[in-house]
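So the structure is just underneath, and the comments pick up after that.
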Amino acid sequence: MATPTEGTPSHFIRNIVIEDLQQNKNASRVHTRFPPEPNGYLHIGHAKSICLNFGLAGEFGGLCNLRFDDTNPSKEDVEYVESIKEDVRWLGFDWGDREYFASDYFAQLYQFAIQLIKAGKAYVCDLNADQIREYRGTLTEPGKNSPYRERSVEENLDLFERMKVGEFPDGARTLRAKIDMASPNLNMRDPVMYRILHATHHRTGDEWCVYPTYDFAHGQSDSIEGITHSICTLEFEDHRPLYDWFLEQLNIHHPQQIEFARLNLTFTALSKRKLLQLVQQGHVGGWDDPRMPTLAGFRRRGYTPEAIRTFCERIGVAKRNSTVDIAMLEHCLREDLNKRAPRVMAVLRPLKVVIDNYPEGQIEELDAVNNPEDPSMGTRKVSFSREIYIEQDDFREEPPKGFFRLSPGHEVRLRYAYIVKCTGVVKDSQTGEIKEIHCTYDPETKSGSSQSSRKVKATIHWLSAAHAVSAEVRLYDQLFIKEDPDDAPQGLDWTANLNSHSLERLTDCRVEPFLTNAKAGERYQFERLGYFCVDSVDSSPGYMVFNRAVTLRDTWAKVERSGRRR
RNA sequence: UGGGCGGUCGCCAAGCGGUAAGGCCCCGGACUUUGGAUCCGGUAUCGAAGGUUCGAAUCCUUCCCGCCCAGCCA
């Protein structure tokens, strides 16, 4: 028997699995499944479920199936099937040859239904949707039996067969389980098992005119696949008695359904309905817009699968409704990229600096460290010359208290180069806008030289004006201005909380020339700025486009912000 | 007012009768050629009230608050 992995944070579901294993339940087998409906792209909430299901199977020597819950042809599409497979694979999980579809079981499910009809446990009901609702009763009042509840087995069989071949229009009849119209659990008040839908299914085409509901399809699919632990979210807790009922009546393998709380994130919408709306109404560029909480969006943004997996492990699994701080996710990304991303210098908003005492025409090739966290990543050369660009933010004509960067009369270190002192500012005579600044450098302070140990308060990044390459950089902020997107002013809906500044395109940036060879999806740390990723859609060797995945922690920005508040 | 499930630090989350883990955020400080990283240090008595017990976040009772369910969606 597989033993628990040391150091893996435990949670109640993992504990159940461990206990089952100890008691030799299911012949010590662990078999889970990830069951997405192919009606949208996978998002970070699904990642929690994927990591849970594949993680448990992986840890205990079990298996996890990928099963598409495709019982509603009117909402589903192959585009989603393909994206889901790509995203699960990208996250780092492998379902081997166990790629299943609920629609693979339509014939079997149909036989199960007939079995229940024959046992007097299911009947064809002629009530329409409105009538079924009326007969169902309310939360506090019991329902009434359908007038069609006592049809003979023969009639039920005949009717169900005719439903299947398409003799009746959509909605004309349903097949219902005969349970208890007075049950305090509404799901047990003769739930619908099959509905008539003359729709073309993305896999079975027009073969079927009836489709099983989730309740009738899910548990039986789990059973057919030999699933041991059927993990789902909290809203299905009320369905568990029904899940169990079908399996018991059918007397087939009975997986255990276990529910956990779905993920919520601050400043993020995670319902499929909302995400679909964001895409369809053009609030974002598509399912893979880097601002989207979809796996495709995170991937394009520059997130690593490792960071997302670590995040899913750290947030834990429990039954309490909760909303995780988005800062937790960002932290996981920084932590991962800090170790792996090569550093490089980039200037997002260039400000020209002329070093007056540096020889005109002279170029020095300076050594720059690729990753101080990992010496094995080596060094590279950066060109230094008389005219350079620095970040506009790194110069203040009138520095506020605590500003350590460049200002008139003050010194800063140019990373990997020299200490320079600001000697003058050139402004546009009309607008007063700063056009360029002048400095002198101290030749004794070259990085790495014996005299280089002089201390200055700050080090800033820079790029040689003649060597730097132009690029576009896209800065992203939260898609919503409110921690809870649903917290909208009265009368307005969640779209009122959309952040109109969630995307900022900077088209006059400079980067180190070797970045021209960077490939789509590669991630770099732009020193002092954040982690950036080569955009996989719009970037090309002739026109580089970088997405900011996440900023670096910025204590100066924090100080400035709190200063402004005072 | 029916049923189901929850309520432990600002946000997640361990704990399962023996005297409150950890992570994120935040605040100090050390170090630093990224105001990055790293390293130290700081912050809860467990929804409330009773009760059982030598001892309770953990057991019992009552109460309060939150979420889910009246799709032929999943």
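Convention: sequence-line order gives letters A, B, ...; per-chain numbering from 1.
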I need a per-nucleotide contact map over nucleotides 10-16 of chain B, read 5' to 3'. Cutoff is protein heavy atoms under 4.0 Å; write B for the base, S for backbone only, - otherwise. -SSSSS-
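- The separation between A:D238 atom CG and B:rA70 atom P is 9 Å, rounded to whole Å.
- Applying the salt bridge (charged side-chain N to carboxylate O under 4.0 Å, His left out) rule to A:E167 yields the partners A:R162; only residues at least two apart in sequence or on another chain are considered.
- Nearest to the side chain of A:T138, among B:rU33, B:rA70, B:rC72, sits B:rA70.
- Between the CG atom of A:D180 and the C1' atom of B:rG2 there is a distance of 13 Å, given to the nearest Å.
- Atoms CG (A:L139) and P (B:rG2) sit 10 Å apart, rounded to a whole Å.
- When the salt bridge (charged side-chain N to carboxylate O under 4.0 Å, His left out) test is applied to A:R320, no partner is found at least two apart in sequence or on another chain.
- With a cut-off of 3.5 Å on both Watson-Crick or G-U wobble distances, the partner of B:rG6 is given as B:rC65.
- For A:R240, the salt bridge (charged side-chain N to carboxylate O under 4.0 Å, His left out) criterion is met by A:E259, not counting sequence neighbours.
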Taking only nitrogen or oxygen atoms into account, show me every contact under 3.5 Å that the protein makes with nucleotides 38-43 of chain B, one pair per line with its distance.
none

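- Of all nucleotides present, none satisfies the Watson-Crick or G-U wobble test against B:rC46 with each distance under 3.5 Å.
- Between A:Y105 and A:Y100, the ring planes lie tilted relative to each other; the angle falls in the 30° to 60° range.
- Geometric assessment of A:K319 against the ring of A:F260 yields a negative cation-pi assignment under the 6.0 Å and 45° thresholds.
- Remark: A:E411 engages A:R454 in a salt bridge (charged side-chain N to carboxylate O under 4.0 Å, His left out) (not counting sequence neighbours).
- Between the CD atom of A:E330 and the C1' atom of B:rC26 there is a distance of 16 Å, rounded to whole Å.
- Ion pairing of A:E225 with A:R67 is present here, as a side-chain N (NZ or NE/NH1/NH2) and a carboxylate O approach within less than 4.0 Å.
- Across the protein-nucleic acid pair, A:L234 atom CG and B:rG7 atom P stand 11 Å apart, rounded to whole Å.
- Cation-pi geometry between A:R173 and A:F168 is met: under 6.0 angstrom from the ring centre, within 45 degrees of the axis.
- Atom CD1 in A:I196 sits about 16 Å away from atom C1' in B:rG71, given to the nearest Å.
- Under 3.5 Å, the side chains of A:R413 and A:T445 contain no donor-acceptor pair of N or O atoms.
- In B:rG71 the base sits syn relative to the sugar, since the glycosidic angle is no further than 90° from 0.
- Atom pair A:D554:CG and B:rA37:P shows a separation of 10 Å (rounding to whole Å applied).
- Atom-to-atom, CG of A:L197 to C1' of B:rC72 comes out at 8 Å; the value is rounded to the nearest Å.
- Among the nucleotides B:rG36, B:rC69, B:rG71, the one closest to the side chain of A:R343 is B:rG36.
- With hydrogens and angles left out, the side chain of A:S447 and the base of B:rU33 share a donor-acceptor pair within 3.5 Å.
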